[in-house]
Amino acid sequence: MQVAKYKNIYQITMLPKIFPINCFVIEQEDSLIVIDMGVKNFTKKVADIAEATKKTVTHLLLTHAHGDHTAGVNDFRTIFPDAQIGISERDQLLLDGDFSLKPDEVRTKINGGFPKITVHTDFTLHHGQTIGSLTVAATPGHTPGSVSFVDNISNAVIAGDAFQTQGGLAVSRTLKIKFPFPKIATWDYQTSINSAKRILAYKPKILCVGHGDMLIDPLEAMADAIELAERNMRNR
Ligand SMILES: [Zn+2]
């Protein structure tokens with residue numbers, strides 16, 4: 001387990017060398033907001049940060065429903081019973097085991113691994129909602145209800161698996177040989193590209209992702225990754 005800190009953002013990483021999975025703690029003036037909880041061991045590091053900062057964990061926000069982002073949620077709840085846990089309404093259905101497509105969605109199968117246990121959440125997230133310093137942005141594609149969080153303290157975007165940086169920066173569903181798993185787990189490429197553009201439009205100073213290190217000043221690299229993804233779409 002590895003912890004990196006930049007500005008008000010702590011990135012906790014499980015298996016940093018083999019299969020990195022990230023959890024983020026976004027420090028607020030008087031509280032802490034946690035993003036994603038793929039493994040229960042993250043809770044120990046979150047508790048350490050809470051103790052060191054003497055701040056209370058108020059929320060756990062989930063970028064999407066995949067198991068490597070949600071499997072530790074129930075353990076988190078036992079350790080932080082007062083924290084409110086949120087996920088998008090669309091991905092809540094996936095947590096509930098409903099993998100059917102909505103009438104307005106592309107006819108592509110939803111991919112990736114989901115927790116085998118019932119994951120309990122408290123509220124749903126919607127585009128434009130603010131929670132502390134974070135604004136929710138709908139960024140579907142990796143899953144139909146994937147969201148990102150724009151932090152107005154650091155100008156970071158915490159993008160979940162809309163992008164990956166492990167194996168090289170890529171839009172979700174772009175194959176990176178050194179770390180191909182986000183591609184395999186992604187629902188729809190064109191939707192991912194549209195969301196990647198939406199994230200770029202926020203002009204983040206920091207890009208935080210589910211798998212791989214934070215990227216500082218990421219705009220140019222993001223634009224390149226989007227261009228490559230669009231080229232891949234055209235050549236299909
Ligand atoms: Zn995922």
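Sequential numbering from 1 along the given sequence is applied to the chain's residues. Since we're looking at a predicted model, the values are computed, not measured. Read the numbers this way: they start at 1 and go in the same order the structure lists the ligands and their atoms.
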Study note, to complete from the structure: The atom name of the N, O or S atom in His64 nearest to the Zn ion (ligand 1) is NE2

Study note, to complete from the structure: Output field for angle at the Zn ion (ligand 1), His66.ND1 vs His142.NE2, rounded to 10°, should show 90°

Check your understanding: Looking at Arg234 and Glu230, does any basic side-chain N land under 4.0 Å from a carboxylate oxygen?
Key -> no

**Study point:** N, O or S atom within Asp161 nearest to the Zn ion (ligand 1), by name
**Key:** OD2

Practice item. Please confirm if an N, O or S atom belonging to His69, backbone or side chain, lies less than 2.8 Å from the Zn ion (ligand 1). Key: no

Practice item. Run the salt-bridge test on Lys109 and Asp188 with the 4.0 Å N-O cut-off and return the result as yes or no. Key: no

Study note, to complete from the structure: side-chain hydrogen bond (donor to acceptor under 3.5 Å, both in side chains) test vs His142 passes for just one of Lys183, His66, Gln164, namely His66

Check your understanding: Between Thr13 and Gln2, does a side-chain hydrogen bond (donor to acceptor under 3.5 Å, both in side chains) hold up when you go through it step by step?
Key -> CA-CA 5 Å; Thr13 307; Gln2 182 180 288; 4.7 Å; no

